[in-house]
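Here is the structure we will look at.
Please read all numbers here as calculations on a predicted model, not as lab measurements. Position 1 is the first residue of the sequence; numbering continues from there.
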Amino acid sequence: MGNCIRYKPSGLYAGAEDMLEREWQYLEQRRPGFDRKRIRGLAFSGGGIRSASFCLGVAQALADGDRLRHFDYLSTVSGGGYIGGALSWLWSERWREDATQRDAGEEALPLGVGPEDFPFGTRGRRFPRDEAARERSRLQSSLLRHLRQHGKYLTPGHGITGWSLFSIVLRSLVMGFLSLMLLAMTAFAAFYFFGLFDPQEATSVFFRSLGAWLLVGFVALQLLYMLAIAWLKRSKQHQVGRRRRSGALWGYRLRRWFETWIPRPLILALIAYGMALIHWLQLSVLQGMALEAGSISALLGAVLGVMGTQSSKTAWLKIIPPRIKALLGAGLMLLGLLVLADFAVDRMIAAWPDCYFPALLLAAAGWGLLAWWLPINNISIHRYYRDRLMEAFMPDIARLLDGRSVHEARQANQTGVHELAEGGNPEVPYHLINTNLILVESKIAKFRGRGGDNFIISPLYSGSNATGWLETRDFCKGGITLPTAVAISGAAANPDAGVAGKGLTIHPLISVLMSVFNLRLGYWVNNPDKDSERAQQRLANYLKPGLWEILRRKSLNETADYLQLSDGGHFENLALYELFRRHARLIVVCDAGADPDYRFDDLANALEKARVDFGIDVELKREDLMRLSPAGKPASGERDYAVAERAWVSTPIRYHDGHEDGTLIYIKTTLCEGLSAELHGYKRAHPQFPDETTADQFFDEVQFEAYRQLGWEIGQKLLSDPELARLFA
């Protein structure tokens with residue numbers, strides 16, 4: 001086992017000096033001409049399939065101009081990671097091994113970063129004359145055609161349809177429903193078994209016993225605390241000097257201890273009263289209609305929850321804010337499930353009055369054993385999402401070369417991220433895959449306030465400031481494959497996570513229900529800070545951290561055995577954070593996030609974190625951004641919409657480290673002057689282009705090609721700018 005490299009509270013590279021030193025030593029040995037003082041990085045933003053297609057076009061333009069080889073790093077997040085993962089796969093040696101075996105020993109031609117060997121080809125290449133180059137050209141065309149035809153990657157056909165996706169979601173819902181029902185039924189059964197509830201009486205038994213004692217106990221604790229504080233205060237009046245300071249310290253400690261622990265019995269009391277309220281509701285109000293009412297409440301809650309995550313077209317629902325709809329939906333769903341649980345226990349008591357409690361305990365124990373045995377990452381929606389991304393962006397090349405329809409990815413399925421560091425083309429950039437480490441219960445205020453920390457998965461190291469960095473070959477026993485890392489980086493829907501630490505899914509109530517139903521695209525990993533071989537072998541299961549996450553939410557921090565990773569965009573959606581940490585002197589970032597109002601929220605978030613965490617200033621002015629926003633009156637007779645002056649802006653980066661400052665080139669998905677008639681034709685047919693919603697992850701060939709073509713044309717314009725030519729020298 002390799003030792004975890006710990007984060008240091010301060011330093012030139014924000015506490016990651018040791019990790020970066022080893023990373024740079026590797027790059028100095030591998031990349032010709034690598035200079036740690038003149039690092040160049042390319043960043044692909046989030047934005048789903050829209051970002052993947054746009055960033056592909058920009059990368060093709062850079063390769064066509066023979067500029068892609070100058071980048072030392074490729075930093076990707078979320079949708080930008082789709083195409084970044086595809087490039088890393090095609091630049092690796094693994095696909096060539098399989099393709100070489102197919103040709104009975106004839107070595108497959110490698111793919112690279114130049115105009116002739118870029119994996120998806122470039123328009124600027126000439127028709128190759130020799131047979132080997134023609135073979136590579138056919139592969140490049142096949143790869144690009146495969147991507148165009150698999151823009152609907154979640155439902156690619158060949159037996160995987162929308163019904164497949166629905167079935168996987170339904171499986172998670174049913175498992176969550178059974179888990180919550182069994183847990184609630186066991187709790188209700190305990191109240192019945194110990195005489196706190198009565199099947200025939202709604203409230204009096206509870207309030208005569210447990211309810212009254214809970215109230216008395218809570219009041220007694222408060223009274224004891226007040227008496228202790230009064231005694232300390234009065235005794236301190238008669239003390240002087242050291243004894244007086246000691247008494248003040250004991251009073252302060254007592255206050256902190258009490259204020260830390262007093263909520264816990266109060267929470268237990270509220271839970272008990274809540275269960276009593278459910279019992280009263282079931283017997284006194286519903287009166288035999290509990291089954292119907294509970295089912296309707298749960299169903300209505302699910303409908304409202306879905307409506308809360310998207311804009312409603314129903315006029316009367318528009319007056320309810322989405323957050324309120326989501327919270328109301330979660331509350332109604334939870335209420336319905338609890339009513340059903342109490343009703344089910346009532347029916348069990350009527351049928352088996354002498355053995356209902358042992359039967360439920362036995363069922364709960366059996367379900368607990370099953371939950372402990374089930375690997376949570378493999379039965380969640382993450383696995384379906386991961387497999388579909390892999391099949392679309394990392395297909396089996398041997399089958400593609402044979403001209404067969406490719407709908408499987410057996411080779412990429414076994415390729416670990418750490419294997420990207422072994423062999424391959426030395427000119428390709430080092431891939432940083434950015435994810436978000438969920439830390440809503442962190443012991444550190446900065447991480448708790450943000451809800452997480454940037455967690456990288458790279459060929460050499462994986463980790464974050466919060467956990468330190470462990471060699472990727474040892475992290476989770478080397479079990480993080482390239483498709484898995486790409487899927488984690490794009491895990492947009494996840495409990496306890498939202499864009500820049502905000503959003504509906506960050507709310508505890510909604511997060512708990514999402515966790516119960518295992519509605520997550522994220523992934524549970526072993527903590528890299530616990531770097532023993534045994535710690536990295538532990539398999540995350542449905543019981544722990546699955547159900548345990550719900551019962552003990554305090555474990556969502558940097559010290560837990562299991563950590564939850566989600567979409568890197570939940571921390572920073574432009575993949576700039578790690579390039580700023582490395583003090584890159586040239587950064588080209590492609591922002592393909594949906595931003596129809598040109599608010600530049602993702603850019604503002606990235607620059608704020610760069611300033612706060614690294615002390616970096618990016619001198620980007622409002623006037624520069626206005627050039628990227630469509631404005632002014634459209635030309636008469638040419639178009640009926642405005643276009644931007646240009647699609648990129650160049651601005652200085654001030655590192656304040658005593659070395660040379662850098663340059664940030666920010667590219668935006670926007671229609672600007674001088675684009676082809678083809679793109680303007682697509683705009684007329686699709687007015688939301690190029691900011692169609694990220695919820696649309698089902699691109700047809702025309703839609704995919706429109707965004708790729710936009711990236712290509714903007715990239716070509718960028719490279720023709722004489723002011724920027726010196727930056728690539």
Side-chain angles (χ1 to χ4, degrees), residues 43-52 54-55 75-81 308-311 321-323 326 434-436 438 446 449-454 489-494 497-507 566-580 587-614 616-631 644 646-649 651 653 664-671 688-697 707:
F44 290 162
S45 79
I49 189 68
R50 178 188 59 248
S51 177
F54 176 80
C55 292
S75 181
T76 65
V77 63
S78 198
T309 61
Q310 51 190 321
S311 58
R323 183 181 182 84
N434 295 273
T435 72
N436 175 57
I438 295 176
K446 181 177 79 169
R450 293 175 174 180
D453 188 25
N454 199 68
S489 180
N494 208 77
V499 177
K502 301 175 183 177
L504 291 172
T505 51
I506 203 75
H507 192 280
S566 70
D567 193 315
H570 294 155
F571 180 84
E572 190 267 296
N573 202 40
L574 294 185
L576 286 172
Y577 190 80
E578 294 296 332
L579 296 179
F580 282 139
I587 300 176
V588 177
V589 56
C590 302
D591 182 359
D595 187 16
D597 299 324
Y598 292 88
R599 297 171 54 182
F600 303 98
D601 290 342
D602 289 338
L603 179 62
N605 177 51
L607 298 188
E608 185 268 339
K609 285 184 167 65
R611 183 178 63 256
V612 171
D613 290 0
F614 307 131
I616 294 171
D617 293 319
V618 177
E619 299 179 356
L620 190 58
K621 298 180 176 60
R622 179 180 178 275
E623 295 76 19
D624 296 328
L625 294 179
M626 292 303 297
R627 301 172 72 185
L628 309 180
S629 176
R646 63 193 310 174
W648 71 89
V649 63
T651 187
I653 307 172
L664 173 69
I665 300 176
Y666 174 73
I667 304 174
K668 183 73 170 172
T669 47
T670 187
L671 292 179
Q688 300 302 315
F689 176 77
D691 283 291
E692 292 162 298
T693 173
T694 309
D696 180 10
Q697 293 296 297
Y707 282 94

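Between atom CG of residue Asp696 and atom CD1 of residue Ile49 there is a gap of 10.0 Å, rounded to the nearest 0.5 Å. With rounding to the nearest 0.5 angstrom, the CD1 atom of Ile653 is 5.0 Å from the CG atom of Leu664. For the atom pair NZ (Lys621) and CE (Met626), the distance works out to 15.5 Å, reported to the nearest 0.5 Å. Remark: Ser45 OG to Arg50 CZ distance equals 8.0 Å, nearest 0.5 Å. Taken to the nearest 0.5 Å, the CH2 atom of Trp648 stands 12.5 Å off from the SG atom of Cys590. Separation of atoms CD1 (Ile665) and OG1 (Thr651) is listed at 11.0 Å; rounding is to 0.5 Å.
Counting heavy atoms from C-beta on, the side chains of Asn436 and Asp567 never come closer than 4.5 Å. At a threshold of 4.5 Å between non-hydrogen side-chain atoms, the residues Ile667 and Val588 count as touching. Side-chain contact between Leu625 and Leu603 is present, with at least one heavy-atom pair separated by less than 4.5 Å.
Taking each heavy atom of Ala497 and Ile438 in turn, the nearest pair found is CB-CD1, 4.0 Å. Between Thr670 and Ala644, the closest heavy-atom pair is OG1-CB, 3.7 Å. Ala606 and Leu574 get closest at one heavy-atom pair: CB-CD1, 4.4 Å. Closest approach of Gly593 and Thr669 over heavy atoms only: O-OG1, 4.2 Å. Across all non-hydrogen atoms, the minimal contact from Asn605 to Glu572 is ND2-CA, 3.7 Å. In terms of heavy-atom proximity, Asn573 sits nearest to Ser78 at OD1-CB, 4.3 Å.
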Point to revise | From CA spacing to verdict: side chain to side chain contact (heavy atoms under 4.5 Å, CB included), Leu628, Arg646 | key: CA-CA 6 Å; Leu628 309 180; Arg646 63 193 310 174; 4.3 Å; yes
Review point. Tyr666 and Ile587: side chain to side chain contact (heavy atoms under 4.5 Å, CB included), yes or no, with the steps?
Key: CA-CA 8 Å; Tyr666 174 73; Ile587 300 176; over 6 Å; no
Exercise for review: Show your reasoning for whether side-chain hydrogen bond (donor to acceptor under 3.5 Å, both in side chains) applies to Asn434 and Glu578.
Suggested key: CA-CA 8 Å; Asn434 295 273; Glu578 294 296 332; over 6 Å; no
Review point. Would Lys446 and Asp613 satisfy side chain to side chain contact (heavy atoms under 4.5 Å, CB included), going step by step from the backbone distance to the final call?
Key: CA-CA 10 Å; Lys446 181 177 79 169; Asp613 290 0; 3.9 Å; yes
Practice item. Applying side chain to side chain contact (heavy atoms under 4.5 Å, CB included), run through Asp595 and Asp601 and close with a yes or a no. Key: CA-CA 8 Å; Asp595 187 16; Asp601 290 342; 5.6 Å; no
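At distances below 3.5 Å, not a single donor-acceptor pair connects side-chain atoms of Ser566 with backbone N or O atoms of Ala491. Using modelled atom types, no side-chain atom of His570 and backbone atom of Gly452 make a donor-acceptor pair closer than 3.5 Å.
Residues Asp597 and Arg599 are not paired through a salt bridge, judged by the lack of any N-O separation under 4.0 Å between the basic side chain and the carboxylate. Classification of Asp691 and Lys668 as a salt-bridged pair fails, no side-chain N sitting under 4.0 Å from a carboxylate O.
With a 6.0 Å cutoff to the six-membered ring centre and a 45° limit on the axis angle, Lys609 counts as a cation-pi contact of Phe571.
Using a 30° and 60° split on the angle between ring planes, Tyr577 and Phe614 fall in the tilted class, from 30° to 60°.
Note: Phe54 and Phe44 fail the aromatic proximity criterion, with ring centroids not under 6.0 Å apart.
Glu608 CD: more than 12 foreign heavy atoms inside a 6.0 Å radius.
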